[in-house]
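Below: one structure, written as structure tokens.
Residue numbers begin at 1 in each chain, while the letters A, B, ... track the order of the sequences. Predicted, not measured: the structure shown is a model, and the values here were computed from it.
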Amino acid sequence: MKILLLHVDYIKFKPLKKALRKIEGLSDAEKKGGEAEEALVVLTAIEKGDSDVKAVVGKLVDEVKDVAGQVKAKNVVLYPYAHLSNDLGSPEIAVKVLEQAEKELKKNFKVSRAPFGYYKEFEMKVKGHPLSELSREISVGGGKSKKDDSSESKALKAEEKLQSYWHIMTPDGKLHDVGKFNFKNYANLKKFAVYEKSKFRKMVKEPAHIKLMKKLELVDYEPGSDSGNLRYYPKGRMIKALIEEYVTKRMQEYGGVEVETPIMYDMKNPILEKYLQKFPARQYQINSDKRNFFLRFSACFGQFLMAKDVSISYKNLPFKFYELTRYSFRREQSGEVAGLRRLRAFTMPDVHVLCKDISQAMTEYKTRFLLSLDVLDKIGLKREDVELAVRFTKDFYKKNKKFVEWIIKEFGRPVLIEMWDERSFYFILKYELNFVDSVNKAAALSTDQIDVENAERYGIKFTDKDNKKKYPLILHCSPSGAVERVMYALLEKTSMNGTNSLPYWLAPTQIRLLPISDKFNKKAEELAEEFNKNNIRADVDDNSETSKKKIVDSEKEWVPFTIFVGAKEIKDNVFALRERGKKGLINLSKEEVISKLKELQSNMPWRPVPLPVLLSKRPIFV
RNA sequence: GCCCCAGUAGCUCAGUGGCAGAGCACCACUCUCGUAAAGUGGGGGUCGCAGGUUCAAAUCCUGUCUGGGGCUCCA
């Protein structure tokens with residue numbers, strides 16, 4: 001049966017007309033209808049599987065008691081509401097269930113029951129608190145006459161049932177109870193563990209990066225699109241492009257073979273159809289000429305569909321497909337979309353490795369774990385900036401303790417462990433590197449999963465040494481997580497530690513030249529050109545402003561280095577280099593400045609200044 | 001999806017039934033400047049949108065859109 005529980009200020013109802021022919025007439029009292037205040041209204045729909053009346057009533061009563069207790073309701077209204085289900089059971093049983101439930105509940109509550117089988121008018125005012133509206137599905141094992149066996153509901157039920165066991169594992173391989181673990185030196189891990197485990201959270205403000213992404217003219221909301229689909233201004237686009245380039249470069253070095261796959265897929269494709277049903281209504285859909293398509297929510301679809309058509313020998317394994325999806329789409333619930341943390345359109349580097357067996361998979365897994373840590377580190381997110389979570393089935397842990405312990409030991413700090421009794425996802429193990437932000441919310445960056453299911457689903461096979469076709473294991477890895485989320489983490493981090501700066505290689509302007517007066521604009525422009533030729537993003541503040549004002553402006557833009565250009569500098573080739581966030585100036589020749597900045601740039605990707613070099617030529621985006 | 005809050009100039013915001021405001025930014029002019037904000041003047045508004053109440057609505061009511069937060073969710 002399905003029930004909907006509503007905590008109401010009041011409810012009034014009155015039967016009007018029979019909805020079912022067979023139903024008996026009403027007493028005069030019943031005809032008047034009823035009302036209740038401060039009540040828990042239980043809308044019910046009895047379904048085909050609910051033949052075991054006693055068991056159904058028992059569960060219903062438990063459910064009602066539980067919720068009524070939580071919302072402190074003393075009045076209960078049982079209200080038959082057929083529209084909750086499209087698989088209704090027989091009226092006879094429904095009436096029995098309602099009558100017996102009423103009897104049971106009367107022991108604890110003041111109960112009223114609306115008549116069954118009538119059209120009723122009703123009016124109620126539902127309270128707004130989080131528990132005021134809850135829906136429940138009650139099923140009784142064994143007594144089910146009709147099983148709801150769509151893969152959709154199976155997956156959802158599996159998720160509901162999924163029992164998680166939370167632990168902290170220390171680098172020595174010991175498992176600790178989360179509740180008993182001493183978080184004294186691990187405040188951030190505590191925040192993360194609390195975030196993952198708990199349901200209720202304190203009121204929090206908006207995360208710091210949202211104001212920053214606008215103020216720095218990086219990214220903004222686009223009201224003309226759907227929420228979670230952002231616009232990137234030139235500076236934001238440049239930063240994002242650099243991160244994309246860097247991650248791609250590292251993936252290529254690792255051996256990832258870059259491919260490109262469509263962003264939309266036929267909803268009727270037999271392979272995709274089932275998989276899709278597991279996660280209803282979370283994707284964008286597109287109608288085109290009688291066909292329905294969904295927008296990919298990861299790179300998996302295109303890569304797996306490609307992989308199933310590839311002839312693969314065991315000699316080719318491990319084989320690595322890489323793609324950077326711009327974009328992947330997830331129609332996240334509207335209330336959950338926030339800034340750069342959670343989007344409906346996001347850019348995801350995704351490398352899938354086909355492995356011939358678990359041993360090969362674990363070897364790859366180790367390599368990729370270290371690689372992910374290093375990629376984040378080079379981008380500007382150090383190991384101490386992230387918290388590790390490792391999730392696996394009990395069975396996997398039992399068989400591969402050493403492997404799990406290796407991951408934790410390698411990370412070098414206590415990590416959050418989530419263990420499941422049985423596998424209800426497609427993977428048996430996954431880790432994530434999580435970032436905890438300025439409002440104590442956590443967001444996953446890097447992740448890697450051992451997938452034991454999709455090779456078979458998609459028909460991805462390789463020919464083994466014994467000339468038999470076998471399904472490979474697939475590792476799903478995003479070495480950095482969504483690129484937008486990397487930007488989010490960088491902005492949150494700098495806001496939290498008070499440095500208010502971007503890593504040098506991502507600064508839209510790396511050095512700003514400030515002509516001491518308009519007379520030196522031309523000279524500064526020439527100088528900027530020379531810097532830019534040396535892969536140093538230099539621009540010129542040629543606005544007709546005072547020197548102090550130009551410094552203020554460069555500070556507001558987080559420009560890491562500034563130099564003034566005047567008669568002295570040109571004559572003596574000595575520049576007083578001002579480094580943001582540091583006191584004092586360093587006198588250097590032009591050549592020394594160039595070599596210092598080149599060293600900072602190291603071999604990270606570089607792009608030219610994303611806007612005109614002369615500030616006077618730049619429009620203001622925000 | 002549900003609940004709560006917000007939306008007024010490019011930005012940050014004041015204005016709570018009676019002439020649409022401030023600071024910053026922008027434009028013009030003066031100043032040509034040495035490491036955190038020179039001076040004077042000027043332009044700029046569908047008060048998110050739609051409807052309603054009223055002699056009169058930015059202000060009150062209804063709906064809606066967008067953003068933020070919470071719940072749920074996060075393959």
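- A/Arg296 has its CZ atom 18 Å from the P atom of B/A75, to the nearest Å.
- Comparing atom distances between the A/Ile620 side chain and each of B/A75, B/A25, B/U72 picks out B/A25 as nearest.
- Comparing B/G69, B/G1, B/G34 against the side chain of A/Arg341 picks out B/G69 as the nearest.
- Atom NZ of A/Lys214 and atom P of B/U66 are 15 Å apart (whole Å).
- Relative orientation of the A/Tyr431 and A/Tyr365 rings is perpendicular, given thresholds of 30° and 60° on the angle between their planes.
- Using a 30° and 60° split on the angle between ring planes, A/Tyr79 and A/Tyr81 fall in the tilted class, from 30° to 60°.
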| remark: Nucleotide by nucleotide, nucleotides 37-45 of chain B touches protein heavy atoms under 4.0 Å in the pattern (B base, S sugar-phosphate only, - none) BB-------
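- Taking A/Thr562 as the reference, A/Arg512, A/Leu514, A/Ile551, A/Ser554, A/Val559, A/Arg578 meet the side-chain contact (heavy atoms from CB on, under 4.5 Å) condition, with sequence neighbours excluded.
- Classified by interplanar angle (parallel below 30°, tilted 30° to 60°, perpendicular above 60°), the ring pair A/Phe392/A/Phe396 is tilted.
- Checked options A/Phe304, A/Phe321, A/Phe301, A/Tyr458; the residue passing with A/His352 is A/Phe304 (criterion: ring pair (Phe, Tyr, Trp, His ring centres under 6.0 Å)).
- Between B/C61 and B/U66, the distance separating the two P atoms is 22 Å to the nearest Å.
- B/C29 is paired with B/G39 under the Watson-Crick or G-U wobble criterion, all donor-acceptor distances under 3.5 Å.
- B/C11 atom C1' lies 17 Å from atom CD1 of A/Ile210, rounded to whole Å.
- The C1' atoms of B/C31 and B/G69 are separated by 49 Å, rounded to the nearest whole Å.
- Look at CD on A/Gln449: it is 8 Å from P on B/A75, rounded to the nearest Å.
- Residue A/Lys568 is classed as a base contact, given a heavy-atom separation below 4.0 Å to a base.
- With sequence neighbours excluded, the residues satisfying side-chain contact (heavy atoms from CB on, under 4.5 Å) with A/Lys596 are A/Phe561, A/Leu577, A/Glu579, A/Leu588.
- Nucleic acid contact for A/Pro619: none, since no nucleic acid atom lies under 4.0 Å from a heavy atom of the residue.
- A cation-pi contact, defined as under 6.0 Å to the ring centre and within 45° of the axis, links A/Lys394 to A/Tyr165.
- Using atom P as the reference point in both B/A9 and B/A22, the two lie 13 Å apart (nearest Å).
- Classification of the A/Phe621-A/Tyr233 ring pair by plane angle, with boundaries at 30° and 60°, yields tilted.
- Distance CZ (A/Phe564) to C1' (B/G34): 6 Å, rounded to an integer number of Å.
- Comparing the P positions of B/G7 and B/G15 gives a spacing of 10 Å, expressed to the nearest Å.
- Rounded to an integer number of Å, the gap from CG of A/Asp542 to P of B/C33 is 17 Å.
- Atom C1' of nucleotide B/G67 and atom CG of A/Asn229 are separated by 14 Å, given to the nearest angstrom.
- The side chain of A/Ala338 lies closest to B/G69, out of B/G34, B/G69, B/A36.
- Between B/A57 and B/C19, the distance separating the two P atoms is 11 Å to the nearest Å.
- As judged by a 4.0 angstrom heavy-atom cut-off over every strand, A/Val337 is placed among residues touching the sugar-phosphate backbone only.
- Nearest-nucleotide positions on RNA chain B for A/Ile563 and A/Ser225 put A/Ile563 closer to the 5' end.
- Between A/Lys441 and B/G70 there is a side-chain polar atom (N or O) within less than 4.0 angstrom of OP1 or OP2.
- Atom CD in A/Glu217 sits roughly 15 Å away from atom C1' in B/U12 (whole-Å rounding).
- Rounded to whole Å, the C1' atom of B/A14 lies 10 Å from the corresponding atom of B/U8.
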